[in-house]
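Per chain, numbering begins at 1; letters A, B, ... match sequence-line order.
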There are 2 protein chains.
Amino acid sequence: MTTPKFQPLYRQIKALITDRLIAGEWVPGAPIPSEMDLAASLGVSQGTVRKAIDELASENIVVRRQGKGTFVATYSEERAKLRFLRLTASDGSAEALENRLLSCERGKATAQIARMLDVARGSSIIDISRVLSFAGTPVILDRIVLPAAPFAGVSAELINEYSGSMYRMYETRMGISMVRAEEHLTAVGADGPVATALGVAEGTPLLSNERVAYTYGDKPMEWRLGLCLTTAHHYVNLLD
Amino acid sequence: MTTPKFQPLYRQIKALITDRLIAGEWVPGAPIPSEMDLAASLGVSQGTVRKAIDELASENIVVRRQGKGTFVATYSEERAKLRFLRLTASDGSAEALENRLLSCERGKATAQIARMLDVARGSSIIDISRVLSFAGTPVILDRIVLPAAPFAGVSAELINEYSGSMYRMYETRMGISMVRAEEHLTAVGADGPVATALGVAEGTPLLSNERVAYTYGDKPMEWRLGLCLTTAHHYVNLLD
DNA sequence: GAGTGGTCTAGACCACCAA
DNA sequence: TGGTGGTCTAGACCACTCA
């Protein structure tokens with residue numbers, strides 16, 4: 001999949017740090033060794049370690065704090081409350097978000113889900129449905145599918161305990177940090193059940209947001225389909 | 001607007017290079033002085049200039065080519081044909097894109113447009129409408145608004161000459177490079193005129209894409225509203 | 001004051017490119 | 001062959017944090 005070839009030293013060091021992250025050597029929020037320590041233990045100069053950590057920091061895998069150290073990135077310290085959720089109230093208000101769980105069941109992966117999550121077809125999955133509301137108004141109907149094995153402890157009770165903050169739950173309960181996500185956006189009309197769940201008329205235009213989230217090493221761990229009502233909210237995207 | 005304060009040397013150098021870009025000292029595609037030359041003329045070390053250029057490169061303002069030099073980024077060398085247009089065929093095919101101009105007129109900025117483009121209300125603007133088609137099927141209805149002064153030469157003929165590649169035209173004809181853009185996405189239903197233009201039924205869900213594009217120094221230069229038919233295409237977004 | 005990340009320097013060698 | 005960016009080193013000083 002990757003092209004090994006000759007890699008600059010700093011990339012080898014970056015890979016080495018990533019491997020130790022995958023191995024769970026440092027949990028989210030914990031400090032990694034200082035640049036000097038890493039440099040000494042690896043037998044390279046501090047500047048080289050620095051460049052490796054620079055890249056990890058620019059990918060939000062790690063967070064630097066001057067005078068304190070470098071820490072494994074945590075979902076909770078993301079800028080906004082909602083890491084990947086870029087939905088913003090069009091009038092600029094910052095409403096609280098409420099989570100209502102519709103279901104949380106075990107099932108088997110369909111061909112499509114299996115491909116997305118890079119698991120065998122028919123393997124066990126967890127299938128979650130919920131509605132997210134801003135200020136009492138339903139705004140998002142989410143369906144979330146997880147591979148069952150790494151997420152064994154997931155239950156309706158646990159999700160409610162985290163008030164629907166899924167990524168925070170993954171991180172603190174399963175030790176799984178999401179590092180990257182890919183989204184496909186389309187516009188769709190609300191069909192019967194969806195319209196009912198969101199309390200809108202059938203055919204209401206919705207922003208469909210299909211997302212695959214990846215953990216360290218680009219391993220897909222979550223598939224999600226969000227149907228968003230965008231009458232009072234919009235999805236913000238910065239390009240450069 | 002910005003906080004001057006004390007800036008690291010490399011940021012001051014970055015600002016200095018940006019200023020010279022704004023001044024038009026180097027046109028898109030032209031090489032900027034080598035790291036050694038800049039370092040010598042500014043009286044700093046090569047590593048410091050390097051860090052300044054690193055940031056400009058990571059913002060796609062400048063492109064490095066090993067063994068050749070560093071060049072002002074050009075729209076034409078963007079990865080895909082369509083720099084900011086992230087619409088992809090759902091079946092993975094890469095269809096050619098056709099551009100049909102509906103209108104290109106002079107007008108006055110409304111309050112909303114004036115705010116978005118940071119110009120005075122009522123100042124002269126250019127108002128363009130067009131339909132983009134993939135493989136003969138209309139997919140996007142675009143409305144593009146530009147401040148008239150910097151884009152004085154824009155005409156229907158000129159746009160057709162560039163087959164609708166607006167950003168390439170801005171760059172080669174007006175010397176204006178877009179560096180950054182902010183998009184707001186929502187789902188809407190096609191109203192009468194829109195439905196006609198795209199050849200779909202009224203009420204068909206469309207992905208509404210409102211975009212402001214910025215040139216050097218974060219100056220807004222283009223407002224755009226794209227209404228996209230997403231039955232066979234989707235908008236791709238990578239998060240990290 | 002000790003330790004951390006942040007900046008800056010000076011110089012070395014490498015990989016790549018063009019003439 | 002000479003010039004460019006890419007990597008790596010070694011060491012200096014600064015700004016911040018915390019005991």
Is there any protein nitrogen or oxygen under 3.5 Å from a nitrogen or oxygen in nucleotides 17-19 of chain D, and what are the pairs?
unit_1: D/dC18; atom_1: OP1; unit_2: A/K68; atom_2: NZ; d: 3.2

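- Atom CD in B/E55 sits about 17 Å away from atom P in D/dG5, given to the nearest Å.
- Taking the ring centre of A/Y214 as origin, the terminal cationic atom of A/R180 falls inside the region bounded by 6.0 Å and 45° from the ring axis.
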What N/O pairs connect the protein and nucleotides 8-11 of chain D at under 3.5 Å? Give each pair on its own line.
unit_1: D/dC8; atom_1: OP1; unit_2: A/L9; atom_2: N; d: 2.2
unit_1: D/dC8; atom_1: OP2; unit_2: A/L9; atom_2: N; d: 3.3
unit_1: D/dC8; atom_1: OP2; unit_2: A/Y10; atom_2: N; d: 3.0
unit_1: D/dT9; atom_1: OP2; unit_2: A/S45; atom_2: N; d: 3.0
unit_1: D/dT9; atom_1: OP2; unit_2: A/S45; atom_2: OG; d: 3.2
unit_1: D/dT9; atom_1: OP2; unit_2: A/T48; atom_2: OG1; d: 2.2

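- Taking B/F151 as the reference, B/Y170 meet the ring-ring contact (aromatic ring centres under 6.0 Å, His included) condition, with sequence neighbours excluded.
- For the OP1/OP2 pair of C/dG6 and a distance below 4.0 Å, the side-chain nitrogens and oxygens of A/R50 include at least one atom meeting the criterion.
- Salt-bridge formation is detected for the pair A/E55/A/R11: a Lys NZ or Arg NE/NH1/NH2 atom is positioned less than 4.0 Å from an Asp or Glu carboxylate oxygen.
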* To do: Apply salt bridge (Lys or Arg N to Asp or Glu O under 4.0 Å) to the pair B/R224 and B/D142, showing each step before the final yes or no.
  => CA-CA 7 Å; B/R224 187 185 286 225; B/D142 255 343; 3.4 Å; yes
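- Between B/F134 and B/H233, the distance from one ring center to the other falls under 6.0 angstrom.
- One interatomic measurement links the two molecules: CG of A/L38 to C1' of C/dT4, which rounds to 13 Å at whole-angstrom precision.
- Spacing between atom NZ of A/K51 and atom P of C/dG5 amounts to 18 Å, rounded to whole angstrom units.
- Salt bridge annotation for A/R173-A/E161: present, with a cationic side-chain nitrogen under 4.0 angstrom from a carboxylate oxygen.
- In this entry the distance linking CD of A/E35 with P of C/dG6 reads 7 Å, nearest Å.
- Using a cut-off of 4.0 Å between Lys/Arg side-chain N and Asp/Glu carboxylate O, A/K219 and A/D118 are scored as not salt-bridged.
- Side-chain atoms of B/E210 and B/W223 form a donor-acceptor pair, as typed in the model, at a separation below 3.5 Å.
- Listed by chain and number, the residues in a ring-ring contact (aromatic ring centres under 6.0 Å, His included) with B/Y10 amount to none (sequence neighbours excluded).
- In the helix from C/dG1-D/dC18 to C/dA18-D/dT1, the end axes, each obtained as the rotation axis mapping the C1' atoms of four pairs onto the next four within a five-pair block, lie 10° apart to the nearest 10 degrees.
- An OP1 or OP2 oxygen of D/dG6 is reached within less than 4.0 angstrom by a side-chain nitrogen or oxygen of B/R64.
- Each side chain to side chain donor-acceptor pair (under 3.5 Å) pair with one or both residues in residues 23-33 of chain B, not counting sequence neighbours, appears once here: B/R20-B/E25.
- B/F71 does not carry B/R64 over the face of its six-membered ring by the limits of under 6.0 Å from the centre and within 45° of the normal.
- Put simply, CG on A/D37 is 10 Å from P on C/dG3, counting in whole angstrom units.
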